[in-house]
Amino acid sequence: MKFMKLGSRPDTFITTEAVRSVNSEVVSDLIVQVKGSRYLLHKFPLLSKCSRLQRLCSESPETSQHQIVQLPDFPGGIEAFELCAKFCYGITITLSAYNIVAARCAAEYLQMTEDVEKGNLIYKLEVFFNSCILSGWKDSIVTLQSTKSYPLWSEDLVITSRCIEAIASKVLAHPSKVNLSRSYSRRGPRDDISCIESDSRRHNKDSSKIWWAEDLAELSIDLYWRSMIAIKSGGKVPATVIGDALRIYASRWLPNISKYANLEKQIVHDQSESDSIGKHRQLLESIISLLPAEKGAVSCSFLLKLLKATNILKGSCSSKMELARRIGLQLEDASVNDLLIPCVSHTCDTIYDVDIVITILQQFMLQVQSPPTSPLRRKGDFERRRSRSAENIDLEFQESRRSSSASHSSKLKVAKLVDGYLQEIASDTNLPLSKFISIAEAIPGFARLDHDDLYKAIDIYLKGHPGLNKSERKRLCRILDCKKLSMDVCMHAAQNELLPLRVVVQVLFFEQARSAMSGGHVTELPSNIKALLANHDDIAKTSASFSKAKMTPVNDQWSNASGLKSPKSNISTLKMKLAEDDDLDEHNADEIGKSSRIKALCVLPNRPKKMFSKLWSNNRSSVASEKN
């Protein structure tokens, strides 16, 4: 760091009975009072360099021995005044980035200008500040930090803005051209806001470009905000580097935010705690305002951590919506744990804030559904566009295909993410059915290649909410597509007593369909499935009809003499029972189409069926164990 020495005389200031004075043979004739401290000094050296003291002495009455001057609002306190006084006496003083702001403000207060004396203190300080302080990185940072103690004076003297401009110019320049004057291997503490380890590894390749971020993270939020605005306005720093710098700053100044999580649900009596929350809230919203507009500039995980902090600190709705919009742009990169945002409002009974997740999903769908923008065609461009080469047209078509493919891939990833999130929140007893369904239906059906994870979430919800009535269970299960369940999940669903009868039968039907398409046949229902079906009215006849409606070749004929019902009769009976179970709701129309498909299955060849053979084996083993 740079420093400057002024004066050559030794220090002769002494303290006697709480009074500072100069050890001199000349009797003092001036008393200066600075913020409760008293100085016994001499008029000649001070008044010859300080225009303000000249005016104050001329305005105040002179006593018998000493003239008293009051300086109650002196900037920089007694340390800064003593620097100026020693300069007037020619005593050696040392100036550096740590005390130049205080000295400059004090010299301005005392009006130590060139009009009073050539080579006065203000002139020397300005030369040192412009030629040495602003040319060094560390000196500029320290000087900018020290302006926090004298905000108004620093603004009036243009110290703050000059430091910010110097810092921004060094960030925009190549590191080899910057006088760093220190090591930058320091790492701040990790906390619940700092990004995950993978994010740090992702940005290691940009470490040479981010050399400045940790030192800037030492600044207060108002100075940091202004510095980042100046850096961003230069247009030379990549958005990912800006994002990484914001991550480092958040890690430095937002530690242990989770400790405030329960304060919203209780009365806060500690005023200092409330003030701390307010400062953290202001800091957080300033960081959000600095986020780069480019997609991927910051990780989705970091954005969700900011959203969690905003929830805990009761940030503004505009900040929440801005974060939700940005998260929606890159939701496919999120994890389930990232989406588990605690609900801290006293009006919220759920463990996690599902409303904000619904908003994020809505923003995601808006982004992926938005058509790609293209420039408007003007009439004068018609001929030029007609003459465009086939290669360019093919290239545009390929770009459109890639964009569509990326959008489809994002939906597939988000669908898996949503199903995993539903499994985490399904056990919350206070989670309303409507919100569970809203989250599940936020993603289009084609985005789920299978419904296994969705089925698991529904099963968890049914177990955690045993008080659901029949219509609510039906409403919940309507979001499930039984055709997209794997065989193992179908086996579980067929024995799940919490599911409505319709879902169980649909699972069995679609498994029969898959088996029939591969040339299989249907065997009699196992006893555990019959026991489930037997809980419904007059269902014994239905199960008997279902068991007798086995698949036969097309050329085989049903024998009425044998007492067996025709396939048409069996299907009609099953359809009637399902209609009764559904209370003749609007979904009966769908079953008419299903019954025709089931009737078609009744004429397919017979072959062994994997799922029913497994159910049979499980059933037989349970029966054998009971006999033993």
Side-chain angles (χ1 to χ4, degrees), residues 97 101 134 137-173 184 188 191 193-195 203 209-255 257 275-294 297-299 302-303 305-310 312-323 325-326:
V101 176
L134 296 182
W137 170 258
K138 176 65 175 177
D139 300 280
S140 299
I141 294 288
V142 172
T143 304
L144 183 59
Q145 285 177 308
S146 63
T147 61
K148 188 67 177 176
S149 302
Y150 323 99
L152 297 179
W153 282 94
S154 299
E155 291 294 341
D156 292 340
L157 297 174
V158 203
I159 297 175
T160 304
S161 59
R162 283 186 287 174
C163 288
I164 290 174
E165 290 174 3
I167 290 170
S169 65
K170 291 173 177 58
V171 171
L172 297 174
Y184 294 92
D191 51 61
I193 291 298
S194 61
C195 277
H203 291 291
K209 300 179 181 178
I210 202 67
W211 58 268
W212 47 272
E214 291 184 358
D215 280 317
L216 246 61
E218 299 300 319
L219 298 174
S220 59
I221 185 57
D222 52 345
L223 296 175
Y224 180 82
W225 189 88
R226 292 175 60 181
S227 300
M228 290 299 293
I229 290 295
I231 292 170
K232 291 175 67 176
S233 63
K236 295 183 179 180
V237 180
T240 54
V241 176
I242 296 292
D244 203 25
L246 294 174
R247 180 184 59 83
I248 292 172
Y249 191 82
S251 175
R252 168 69 176 82
W253 291 99
L254 292 175
I257 293 300
D275 294 341
S276 178
I277 292 176
K279 290 179 181 178
H280 281 118
R281 185 189 305 118
Q282 178 188 5
L283 186 147
L284 178 63
E285 294 189 349
S286 297
I287 293 175
I288 294 172
S289 68
L290 289 171
L291 290 172
E294 293 82 355
V298 292
S299 68
F302 177 60
L303 291 173
K305 285 180 171 66
L306 290 179
L307 184 57
K308 287 181 183 179
T310 304
I312 293 173
L313 296 174
K314 296 171 286 184
S316 64
C317 293
S318 59
S319 296
K320 290 183 180 180
M321 288 304 299
E322 175 63 16
L323 288 173
R325 185 188 67 81
R326 291 176 178 271

(message) Does Trp153 form a side-chain contact (heavy atoms from CB on, under 4.5 Å) with Thr160? I'd like the steps, not just the answer.
(response) CA-CA 9 Å; Trp153 282 94; Thr160 304; over 6 Å; no

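- Atom OG in Ser251 sits 12.5 Å away from atom CG in Leu246 (nearest 0.5 Å).
- Heavy atoms from other residues, nucleotides or ligands lying under 6.0 Å from CD of Gln282 number 12 at most.
- Between atom CG of residue Leu291 and atom CE of residue Met228 there is a gap of 10.0 Å, rounded to the nearest 0.5 Å.
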(request) Test side-chain contact (heavy atoms from CB on, under 4.5 Å) on Ile287 and Leu254 and set out the steps. (result) CA-CA 11 Å; Ile287 293 175; Leu254 292 175; 4.2 Å; yes

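- Side-chain N or O atoms of Tyr249 include none that pairs as donor or acceptor with a backbone N or O of Ala213 at under 3.5 Å.
- Look at Arg162 and Glu165 and you find no salt bridge, because none of the NZ, NE, NH1 or NH2 atoms lies under 4.0 Å from a carboxylate O.
- A donor-acceptor pair is defined here as one N or O able to donate and one able to accept, closer than 3.5 Å; no such pair exists between the side chain of Thr143 and the backbone of Ser140.
- Annotation for Arg281 and Leu313: closest pair NE-O, 2.8 Å, computed over non-hydrogen atoms.
- Summarising the geometry of Ala97 relative to Ser146, their closest heavy-atom pair is O-OG, 4.1 Å, with the distance given to 0.1 Å.
- Separation of atoms OG (Ser289) and CH2 (Trp225) is listed at 6.0 Å; rounding is to 0.5 Å.
- Put simply, the side chain of Trp253 gets close to the backbone of Ala217: a donor and an acceptor are under 3.5 Å apart.
- The closest donor-acceptor contact from the side chain of Lys232 to the backbone of Leu290 lies under 3.5 Å.
- Between Thr147 atom OG1 and Leu223 atom CG the span is 5.0 Å, to the nearest 0.5 Å.
- Contact check on Glu322 versus Arg326 returns a salt bridge, with a Lys/Arg side-chain nitrogen under 4.0 Å from an Asp/Glu carboxylate oxygen.
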